Amino acid sequence: MPRAFITGITGQDGRHLAEFLHGKGYDVYGMVKGQNNPRAQAVTDEMPFVELVPGDLADLPSLVAALELSQPDEVYNLGAISFVALSFNQAELTANLTGLGVLRMLEAIRMIGGTHDNPIRFYQASSSEMFGKVRETPQTETTPFHPRSPYGCAKVFGHDIVVNYRESYGLYACSGILFNHEGPRRGIEFVTRKVTNAVARIKLGLQHELVLGNLDAKRDWGYAGDYVKAMWLMLQQDEPDDYVIATGETHSIEELVERAFAEVGIDNWRDYVRQDPKFFRPAEVDLLIGDPSKAREKLGWKPEVGFPELVSMMVQNDLQLEAAKAGIEL
Ligand code: F7E
């Protein structure tokens with residue numbers, strides 16, 4: 001059985017990827033940090049097949065120990081401070097985990113690499129946030145980076161160090177430059193889930209307004225379940241490389257809000273939405289739209305779930321969840 005080691009196992013992508021790899025017959029190991037981490041229990045409850053391994057991206061010896069214990073064929077580095085807004089308040093922590101954490105993981109792989117018959121293959125979760133104030137549209141693997149947040153800066157470091165270790169030490173290391181990807185497992189702090197959850201609660205009479213920041217920003221939103229397949233495909237190629245993973249479509253936050261309200265039959269959405277400066281960012285990424293041609297041609301990957309289906313899936317899921325919590329029959 002092939003063995004996969006995932007950092008960020010408690011997050012949206014970690015859970016989708018663990019499920020996907022389990023379905024492919026992998027033994028799945030997931031790294032969890034901290035003491036009595038409540039999110040670790042949630043992973044065990046949801047996916048008892050995942051073997052949890054202690055470790056922290058801020059602690060190199062713990063990464064070496066985690067790899068020695070799990071002896072993986074493939075390492076997926078999804079762990080990070082991933083919320084852009086938080087990175088402005090905790091910039092140093094973000095640089096340490098989201099940026100330097102990649103370097104530590106690569107070093108850990110080099111340290112124990114010699115004990116393996118087959119070299120470990122490494123996947124790094126790079127991000128469209130690296131394009132920031134975009135230099136060209138649509139963005140491709142060769143578009144220059146101009147990050148607009150401490151998160152984006154840390155991801156640029158992670159991306160560049162992967163390229164450097166690949167070129168310096170011949171590691172099999174790939175970066176997936178993933179554009180926004182969402183779904184029912186998305187954390188409530190991100191705009192898609194914040195909107196779909198609020199819309200569900202408003203429809204059920206449990207909430208009366210939705211307070212947001214910038215409604216003009218545009219994002220290329222895909223479905224997380226589609227995107228984890230691309231991560232795996234990258235590690236199955238003869239040569240390691242970097243790939244943009246995106247839908248090639250962009251929509252504004254306003255369009256997202258309008259569509260989510262329409263899903264529950266509310267047309268006068270403006271009556272429920274208020275803007276508050278506290279949700280605006282010190283520097284914004286105004287427009288993202290990715291060109292996934294290389295992934296389509298070389299990996300045979302394409303997104304299956306489009307924007308309308310994604311919003312509908314998330315609103316319907318939140319309706320079920322919120323109704324069940326409140327004891328409301330739908
Ligand atoms: O914001 C605007 C906000 O937090 C999207 C992460 O997975 O994708 C994600 O980063 C947009 C921004 O995601 C609110 O200003 C308006 O323009 O959902 P988000 P993100 O910052 O694009 C990339 C690819 C990653 O790598 C990241 O890890 O929505 N917006 N009002 C708001 N955003 C939030 N969160 N909350 C609001 O109230």
Side-chain angles (χ1 to χ4, degrees), residues 7-8 11-14 16 77-90 94 97-99 101-102 124-134 139 143 145 147-159 175-183 185-199 207 209-224 226-228 230-231 243-247 250-258 260 269 272-290 292 307 310-311 314:
T7 72
Q12 167 188 253
D13 292 5
H16 273 292
N77 187 40
L78 314 183
I81 300 283
S82 66
F83 187 34
V84 173
L86 178 72
S87 80
F88 285 100
N89 296 325
Q90 299 186 12
T94 304
L97 299 179
T98 307
V102 187
Q124 167 59 16
S126 282
S127 164
S128 54
E129 282 294 298
M130 300 188 303
F131 298 123
K133 195 171 163 65
V134 296
Q139 295 84 50
T143 301
F145 299 141
R148 295 274 280 171
S149 62
Y151 171 83
C153 294
K155 282 287 180 189
V156 170
F157 174 78
H159 186 87
S175 284
I177 307 177
L178 269 53
F179 283 62
N180 297 53
H181 44 286
E182 320 291 317
R185 287 167 161 167
R186 192 54 146 152
I188 199 88
E189 67 274 34
F190 297 96
V191 77
T192 51
R193 187 78 198 286
K194 181 173 173 180
V195 168
T196 62
N197 183 264
V199 165
Q207 183 173 327
E209 68 170 1
L210 165 58
V211 186
L212 291 169
N214 179 11
L215 300 184
D216 299 328
K218 291 184 157 184
R219 289 291 184 273
D220 179 330
W221 279 297
Y223 173 51
D226 288 341
Y227 285 34
V228 298
M231 299 176 185
Y243 298 88
V244 159
I245 303 298
T247 68
T250 195
H251 299 275
S252 66
I253 314 299
E254 185 167 319
E255 280 176 78
L256 162 74
V257 172
E258 190 175 357
W269 62 268
Y272 298 92
V273 174
R274 181 165 65 82
Q275 283 178 285
D276 187 324
K278 85 172 177 213
F279 292 114
F280 282 70
R281 295 173 184 177
E284 178 63 284
V285 173
D286 295 320
L287 166 74
L288 288 174
I289 176 165
F307 179 68
L310 177 64
V311 177
M314 292 178 69

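All values below come from the heavy atoms of this structure, side chains included, with hydrogens, waters and symmetry mates left out. Quantities reported herein were computed from a predicted structural model and do not represent experimental measurements. As the structure lists them, so they are numbered: ligands from 1, and atoms in each ligand from 1.
At a heavy-atom distance under 4.0 Å, only side-chain atoms of Lys194, from C-beta outward, approach ligand 1. Looking at Gln275 against ligand 1, nothing comes within 4.0 Å, counting heavy atoms. Of all the heavy atoms of Phe280, none lies under 4.0 Å from any atom of ligand 1, so neither backbone nor side chain is involved. With a heavy-atom cut-off of 4.0 Å, Ile253 touches ligand 1 through its side chain alone.
Under a 4.0 Å criterion applied to the non-hydrogen atoms of Ala217, ligand 1 contributes the atoms 17 (O). Those atoms of ligand 1 with a heavy atom of Phe279 less than 4.0 angstrom away are 38 (O). Every atom of ligand 1 with a heavy atom of Tyr151 under 4.0 Å away is listed here by number and element: 25 (C), 26 (O), 27 (C), 28 (O). Under a 4.0 Å criterion applied to the non-hydrogen atoms of Glu129, ligand 1 contributes the atoms 22 (O), 23 (C). Distances below 4.0 Å separate heavy atoms of Ser82 from the following atoms of ligand 1: 6 (C), 27 (C), 28 (O). Less than 4.0 angstrom separates some heavy atom of Leu178 from each of these atoms of ligand 1: 24 (C). Applying the 4.0 Å criterion to heavy atoms of Ser127 picks out, from ligand 1, the atoms 23 (C), 24 (C), 25 (C), 26 (O). Every atom of ligand 1 with a heavy atom of Phe83 under 4.0 Å away is listed here by number and element: 4 (O), 35 (N).
The distance from the CD atom of Glu284 to the OG atom of Ser149 is 9.5 Å, given to the nearest 0.5 Å. Here CG of Leu78 is found 12.0 Å from NE2 of His16. Values are rounded to the nearest 0.5 Å.
What sits closest to atom 12 (C) of ligand 1 on the protein, heavy atoms only, is Arg219 NH2, 3.4 Å. Arg281 NH2, 3.5 Å is the protein heavy atom nearest to atom 1 (O) of ligand 1. The protein atom (non-hydrogen) at minimum distance from atom 32 (C) of ligand 1 is Val191 CG2, 3.6 Å. The protein atom (non-hydrogen) at minimum distance from atom 8 (O) of ligand 1 is Asn180 ND2, 3.1 Å. Looking only at heavy atoms of the protein, atom 16 (C) of ligand 1 is closest to Asn214 O, 3.2 Å. Scanning the protein for heavy atoms near atom 15 (O) of ligand 1, the closest one is Glu284 OE2, 2.6 Å. For atom 10 (O) of ligand 1, the nearest non-hydrogen atom of the protein is Val84 CG2, 3.7 Å. Protein heavy atom nearest atom 35 (N) of ligand 1, with residue, atom name and distance: Glu189 O, 2.8 Å.
Between the Lys155 side chain and the Ser82 main chain, no donor and acceptor come within less than 3.5 Å of each other. Side-chain atoms of Asp220 come within 3.5 Å of backbone atoms of Gly290 as a donor-acceptor pair (strictly under, hydrogens ignored). Of the possible polar contacts, none joining the Ser252 side chain to the Asp216 backbone as a donor-acceptor pair under 3.5 Å is found.
Looking at Glu129, Glu182, Glu255 one by one, the single match for salt bridge (charged side-chain N to carboxylate O under 4.0 Å, His left out) with Arg219 turns out to be Glu129.
Legend: residues meeting salt bridge (charged side-chain N to carboxylate O under 4.0 Å, His left out) with Glu258, ordered by chain and number and at least two apart, are absent.
For the pair Arg186 and ligand 1, a heavy-atom separation below 4.0 Å is found.
Among Gly213, Ser252, Ser128, the residue whose heavy atom lies nearest to atom 24 (C) of ligand 1 is Ser128.
Gln275 approaches Gly213 most closely through the heavy-atom pair NE2-O, 2.8 Å.
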**Verdict with reasoning, His181 to Asp13, per side-chain hydrogen bond (donor to acceptor under 3.5 Å, both in side chains)** = CA-CA 9 Å; His181 44 286; Asp13 292 5; 2.6 Å; yes
